[in-house]
Asks: 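Have a look at the structure that comes next, please.
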Protein chains: 2
Amino acid sequence: MAPESPADRVPERTGPCARWPAEHGETMRQIVERAGDKWSVLVIGTLENGPLRYTDLQRSIPGISQRMLTHTLRQLRRDGLVTRTAYPEVPPRVEYALTGLGRTLLDAVTALIDWAGTHHDEITANRARYDSEAAAG
Amino acid sequence: MAPESPADRVPERTGPCARWPAEHGETMRQIVERAGDKWSVLVIGTLENGPLRYTDLQRSIPGISQRMLTHTLRQLRRDGLVTRTAYPEVPPRVEYALTGLGRTLLDAVTALIDWAGTHHDEITANRARYDSEAAAG
DNA sequence: CCGTATCCTTGGAGATACTG
DNA sequence: CAGTATCTCCAAGGATACGG
């Protein structure tokens, strides 16, 4: 490769992030963002203890709208993280459950939630300090 | 507590998710969402190998706008995940680096990225199947 | 009971131009 | 070099009403 200027301080890092394979860039982003999505995380976490019906999910997750519950469930089903089982009864009953894949994601997400819980106070303190310093100038 | 209707199928799960302490609800969401934020993850990952200057970050993260780089760096500084060091030189030089806290977050996020990488193909296949089934009816 | 369809508001994010 | 300021656009998400 042609020699560069002496100001070439950036080392042998051509891509954005080493562990973020550019090959799958688009899909990777979507997957990681799903894990950071509030509603997805809450739905997955709520299903941890076993299958639940649509209405039970809605009641177990305060603040979620029908629109977002339906939408989130569809995304999770599409990715194979959650299954939907309709029982041909009257009145109709539909249950949602985690798949094996969904359970492994739950583990990874749980690690993140634990991290957030562990460092919650520290981060809150950091923010308070930063804000007060910014206000003081 | 007053006895409920027989349709009381939801077990002793009053809150949304057991591992998601409602006490810190708001902050927890922000923290977890930060870990799912594309730009935050890329900035943190890019700083893995050592401090970098503003312009180097911008060049190392293709597609990031000045606005989002500045904004993301400010959030990360506020949370105490990244430090900003200005060297009083001419021309001015500013370096950004991970803090210890930032490095621990990097570990947790790396686990998630690894999960995404591991199951990338499976998820892609799941989506393809779901989409084709939806199209077929 | 289990969703779909529609309207509407908000703020996230890119592009651009300018300052210390 | 290292940002700030402003404009603009668009898509995520809430509220609501209706269909199977």
Side-chain angles (χ1 to χ4, degrees), chain A residues 5-10 26 29-30 33-43 46-47 51-78 82-97 130 134 137, chain B residues 5-10 16 26 29-30 32-43 46-47 51-78 82-97 130 134 137:
Chain A
S5 73
D8 190 16
R9 303 189 68 267
V10 183
E26 182 67 5
R29 208 206 73 223
Q30 293 171 0
E33 280 188 347
R34 171 122 331 134
D37 177 50
K38 175 187 179 181
W39 297 130
S40 293
V41 169
L42 287 175
V43 166
T46 304
L47 288 177
L52 284 178
R53 305 174 61 164
Y54 184 90
T55 311
D56 291 336
L57 277 168
Q58 194 171 14
R59 284 168 24 106
S60 296
I61 305 176
I64 196 170
S65 62
Q66 281 193 346
R67 178 175 155 73
M68 289 319 291
L69 178 54
T70 300
H71 181 72
T72 303
L73 285 172
R74 182 143 44 189
Q75 303 296 334
L76 296 176
R77 276 209 292 151
R78 189 167 108 102
V82 160
T83 57
R84 174 188 189 273
T85 310
Y87 297 91
E89 303 173 355
V90 180
R93 183 171 113 241
V94 177
E95 283 193 343
Y96 291 90
Y130 182 95
Chain B
S5 73
D8 190 16
R9 303 188 69 267
V10 183
E26 183 67 4
R29 208 206 73 223
Q30 293 170 2
V32 172
E33 281 189 345
R34 170 121 333 133
D37 177 51
K38 174 186 178 181
W39 298 131
S40 294
V41 170
L42 287 175
V43 166
T46 304
L47 289 176
L52 285 178
R53 306 173 62 163
Y54 184 89
T55 310
D56 290 337
L57 276 169
Q58 193 170 15
R59 284 167 25 105
S60 296
I61 305 176
I64 195 170
S65 64
Q66 281 193 347
R67 177 171 154 68
M68 289 320 292
L69 178 55
T70 300
H71 180 72
T72 303
L73 284 171
R74 184 145 39 189
Q75 303 296 334
L76 295 177
R77 277 209 291 151
R78 188 167 109 101
V82 158
T83 57
R84 175 189 189 274
T85 310
Y87 297 91
E89 305 173 353
V90 180
R93 183 170 112 239
V94 177
E95 283 194 342
Y96 292 90
Y130 182 94

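All chains are named by letter (A, B, ...) in the order of the sequence lines, taking the proteins before the strands, and each is independently numbered beginning at 1. Values below: all heavy atoms of this structure, side chains included; hydrogens, waters and symmetry mates excluded. Please read these numbers as outputs of a predicted model, since none were measured by experiment.
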Asks: Between dC8(C) atom C1' and Arg67(A) atom CZ, what is the distance in whole Å?
Replies: 11 Å
Asks: How long is the line joining CD of Glu33(B) and P of dA13(C), in whole Å?
Replies: 11 Å
Asks: Give the dot-bracket line for DNA chain C from 5' end to 3' end: parentheses for intra-strand Watson-Crick or G-U pairs under 3.5 Å, square brackets for crossings, | for inter-strand pairing, dots for unpaired.
Replies: |.||||||||||||||||||
Asks: OG1 of Thr55(A) to CD of Gln66(A): how many Å apart, nearest 0.5 Å?
Replies: 8.5 Å
Asks: To the nearest 0.5 Å, tell me how far Arg53(A) CZ sits from Tyr96(A) OH.
Replies: 11.5 Å
Asks: Go nucleotide by nucleotide along DNA chain C from the 5' end; which of His71(B) and Tyr96(A) gets its closest nucleotide reached first?
Replies: Tyr96(A)
Asks: Just to verify, which of Met68(B), His71(B), Gln75(B) counts as forming a side-chain contact (heavy atoms from CB on, under 4.5 Å) with Trp39(B)?
Replies: Met68(B)
Asks: Measure from CG on Leu69(A) to P on dC1(C) and round the result to the nearest Å.
Replies: 14 Å
Asks: Would you compute the distance between atom CG of Leu73(A) and atom CZ of Arg84(A) and round it to the nearest 0.5 angstrom?
Replies: 9.5 Å
Asks: Give the minimum heavy-atom separation between Pro51(B) and Glu95(B), together with the two atoms involved.
Replies: CB-OE1, 3.8 Å
Asks: Assess whether side chain to side chain donor-acceptor pair (under 3.5 Å) is satisfied between Thr70(A) and Tyr54(A), documenting all intermediate values.
Replies: CA-CA 9 Å; Thr70(A) 300; Tyr54(A) 184 90; 2.9 Å; yes
Asks: Touch check for Thr55(A), heavy atoms < 4.0 angstrom, all strands: base, sugar-phosphate only, or nothing?
Replies: sugar-phosphate
Asks: Looking only at non-hydrogen atoms, find the nearest pair between Ala35(A) and Val32(B) and report the distance.
Replies: O-CG1, 4.0 Å
Asks: Rounded to the nearest 0.5 Å, how far apart are CD1 of Ile61(A) and OG1 of Thr46(A)?
Replies: 4.0 Å
Asks: Check each of Thr83(A), Leu76(A), Val82(A) against Leu47(A) using the side-chain contact (heavy atoms from CB on, under 4.5 Å) test, and report the only one that passes.
Replies: Val82(A)
Asks: Could you state the CD1-P distance from Ile64(A) to dG3(C), rounded to the nearest angstrom?
Replies: 13 Å
Asks: With a 4.0 Å limit, can you tell me whether Arg84(A) has a side-chain N or O closer than that to the phosphate oxygens OP1/OP2 of dG3(C)?
Replies: yes
Asks: Taking the nucleotide of DNA chain C with the nearest heavy atom to each, does Pro91(A) or Gln66(A) sit closer to the 5' end?
Replies: Pro91(A)
Asks: How many Å lie between CZ on Arg93(A) and C1' on dC2(C), as a whole number?
Replies: 14 Å
Asks: Quick one: Leu52(A) CG to dG3(C) P, roughly how many Å, whole number?
Replies: 13 Å
Asks: Send over the distance from Asp37(B) CG to dG11(C) P, rounded to a whole Å.
Replies: 17 Å
Asks: State whether Arg53(A) places a side-chain N or O below 4.0 Å from either non-bridging phosphate oxygen (OP1 or OP2) of dC1(C).
Replies: no
Asks: 5' to 3' on DNA chain D, which nucleotides open and close the contacts with chain A (atom under 4.0 Å from a heavy atom)?
Replies: dG13(D) to dA17(D)
Asks: Nearest to the side chain of Thr70(A) - dG14(C), dG20(C), dT4(C)?
Replies: dT4(C)
Asks: Whole angstroms only, please: what is the CG-C1' distance between Leu73(A) and dC1(C)?
Replies: 15 Å
